[in-house]
Number of protein chains: 2
Amino acid sequence: MINQLEGKLKERSIRPTAMRLLVLEVLEKQSSAISLTELEQTFGPSDRITLYRTLKTFEDKGLVHSINDGTGAPRYALCEEGCECDYRRDMHVHFYCRACNQTVCLPQLKIPAIALPEDLLPEEASLVIKGLCGKCQ
Amino acid sequence: MINQLEGKLKERSIRPTAMRLLVLEVLEKQSSAISLTELEQTFGPSDRITLYRTLKTFEDKGLVHSINDGTGAPRYALCEEGCECDYRRDMHVHFYCRACNQTVCLPQLKIPAIALPEDLLPEEASLVIKGLCGKCQ
DNA sequence: CTATGGTATGCAATGGAATTGCATTTTATT
DNA sequence: AATAAAATGCAATTCCATTGCATACCATAG
């Protein structure tokens with residue numbers, strides 16, 4: 001179990017420290033994207049800054065991606081198998097429920113290609129749909 | 001001229017105060033969406049909070065829409081003729097240039113309909129494409 | 001096994017921005 | 001002109017991201 005987590009980190013040349021393993025474990029359990037503050041709360045007394053940097057490291061290394069759902073605080077979710085968050089065509093749609101404040105990934109839904117004006121060179125894209133999730137209707 | 005601006009405000013039952021007319025005038029001149037800080041700077045010495053609340057009022061009344069382009073600070077742009085920012089199908093695409101930091105509206109590009117899972121009820125959507133604009137390539 | 005250099009962590013502090021309360025001014029209405 | 005409602009300006013608070021620096025940890029060479 002721990003070895004599996006360790007593997008995930010090493011794969012992306014992230015040193016598997018205790019903190020990082022814990023954070024990864026929490027992320028694995030989430031069904032929706034989590035903000036830094038939420039992450040901090042699941043940890044009890046711990047250092048917010050370290051969590052912040054841990055998430056940043058994970059993001060840099062392509063382990064998680066961040067979503068800006070309009071709430072002000074970015075949220076983080078593990079990338080799925082083969083997720084290539086660098087390329088626009090691989091980015092998926094996110095859904096934000098305004099009632100329960102949860103942001104879920106919709107990995108099966110890719111962002112459709114948009115015919116941009118010639119002079120604009122796209123690199124990434126983010127599509128967040130806001131509304132009510134099943135539980136909150 | 002002023003009367004035209006006044007009309008725009010009254011149309012949406014926004015009291016046409018001096019401050020609001022000035023803000024509206026600035027917004028009309030923008031070719032890209034503007035952040036609160038940028039707005040503040042064009043004003044010289046003035047009260048940030050009032051500008052903040054002015055933008056909020058404009059947004060509530062459907063005069064401007066805000067875009068969260070991932071820079072942390074929301075940006076505001078005037079809605080176009082007939083823009084109905086409340087409905088997903090009328091929301092348009094925004095382009096954010098990572099070099100010059102400008103966010104432009106692409107009113108002619110509507111966000112394509114997405115086939116969401118049954119249980120999700122969409123209300124609005126935001127699609128921000130990030131990359132390089134013509135000037136910055 | 002231990003010394004060493006690089007990395008991660010924790011604490012303190014900074015900085016930027018949103019947001020609210022409240023007193024005062026301005027506006028619309030009678 | 002008098003009044004009530006709304007807008008404004010100031011002060012203060014809160015939240016979050018981000019950085020500097022000293023310490024602790026880890027991997028590797030010797």
Side-chain angles (χ1 to χ4, degrees), chain A residues 2-3 5-27 33-61 63-76 98 101 103, chain B residues 2-3 5-26 33-61 63-76 101 103:
Chain A
I2 285 294
N3 288 334
L5 295 177
E6 259 195 61
K8 275 209 170 180
L9 293 179
K10 285 184 179 167
E11 253 172 38
R12 297 169 204 253
S13 36
I14 305 172
R15 276 199 191 172
T17 65
M19 186 88 252
R20 288 169 175 175
L21 287 170
L22 286 173
V23 171
L24 181 55
E25 207 180 351
V26 171
L27 287 174
I34 192 174
S35 71
L36 176 57
T37 302
E38 287 161 352
L39 179 63
E40 194 184 6
Q41 283 157 0
T42 71
F43 263 83
S46 72
D47 186 45
R48 183 187 177 86
I49 291 91
T50 301
L51 294 175
Y52 165 76
R53 280 189 277 218
T54 300
L55 287 176
K56 212 167 180 68
T57 303
F58 283 6
E59 192 181 4
D60 288 346
K61 302 288 187 175
L63 227 198
V64 307
H65 58 268
S66 70
I67 310 111
N68 212 304
D69 56 18
T71 54
R75 284 195 156 87
Y76 301 84
R98 66 170 165 83
N101 250 47
T103 300
Chain B
I2 286 294
N3 288 334
L5 295 178
E6 257 195 64
K8 273 209 170 180
L9 293 179
K10 284 184 178 166
E11 256 172 35
R12 296 168 204 253
S13 35
I14 305 172
R15 279 197 188 175
T17 66
M19 186 88 249
R20 287 171 177 174
L21 288 169
L22 286 173
V23 171
L24 181 54
E25 207 180 350
V26 171
I34 192 174
S35 71
L36 175 56
T37 302
E38 288 162 352
L39 179 63
E40 194 186 6
Q41 283 157 359
T42 72
F43 263 83
S46 73
D47 186 46
R48 184 187 177 87
I49 291 92
T50 301
L51 293 175
Y52 166 76
R53 279 188 279 217
T54 301
L55 287 176
K56 214 172 178 64
T57 303
F58 283 6
E59 191 180 5
D60 289 346
K61 302 289 186 173
L63 227 199
V64 306
H65 58 267
S66 71
I67 310 111
N68 212 302
D69 55 20
T71 55
R75 283 195 155 87
Y76 302 85
N101 250 46
T103 301

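In what follows, chains carry the letters A, B, and so on, assigned in the order in which the sequence lines appear, proteins first and then strands, with residues in each chain numbered from 1.
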* Does a side-chain N or O from Thr37(B) land closer than 4.0 Å to OP1 or OP2 of dG16(C), or not? -> no
* To do: For Pro16(B) and Lys10(B), work out which heavy atoms get closest and say how close.
  => CG-CE, 3.8 Å
* Calculate the interatomic distance between Arg15(A) atom CZ and dC26(D) atom P; express it in whole Å. => 9 Å
* Structure fact -> Which of dA5(D), dA8(C), dT8(D) is nearest the side chain of Thr54(B)? It is dT8(D)
* To do: Output the single nucleotide from dG10(C), dT18(D), dA7(D) whose closest atom is nearest the side chain of Arg53(A).
  => dG10(C)
* **Closest nucleotide among dA17(C), dG6(C), dT19(C) to the Ile49(B) side chain** => dT19(C)
* Of the listed nucleotides dG6(C), dA17(D), dG10(C), the one nearest the side chain of Leu36(A) -> dA17(D)
* To do: Would you indicate what Pro16(A) reaches in the nucleic acid, counting non-hydrogen atoms under 4.0 angstrom: base, sugar-phosphate, or nothing?
  => nothing
* For Thr50(B), which contact category applies under a 4.0 Å heavy-atom criterion: base, sugar-phosphate, or nothing? -> base
* To the nearest Å, give me how far apart CG (Asp47(B)) and C1' (dA12(D)) are. => 13 Å
* Respond yes when some side-chain nitrogen or oxygen of Tyr52(B) is under 4.0 Å from OP1 or OP2 of dA17(C), and no when none is. => no
* Do the side-chain N or O atoms of Arg48(A) get closer than 4.0 angstrom to the phosphate oxygens (OP1, OP2) of dA17(D)? -> yes
* Where Arg75(B) and Asp69(B) come nearest, the two heavy atoms and their spacing -> NH1-OD2, 2.8 Å
* Are OP1 or OP2 of dA18(C) and a side-chain N or O of Lys56(B) less than 4.0 angstrom apart? -> no
* Can any side-chain N or O of Arg20(B) pair as donor or acceptor with the backbone N or O of Arg15(B) at less than 3.5 Å? -> yes
* Upstream residue (5' side of DNA chain C) when Pro74(B) and Lys10(B) are each assigned their closest nucleotide -> Pro74(B)
* Check every strand shown and say whether Thr57(A) touches a base, only sugar-phosphate, or nothing at a heavy-atom separation below 4.0 Å. => nothing
* **Listed nucleotide nearest any side-chain atom of Arg20(B), set dA17(C), dT8(D), dA17(D)** => dT8(D)
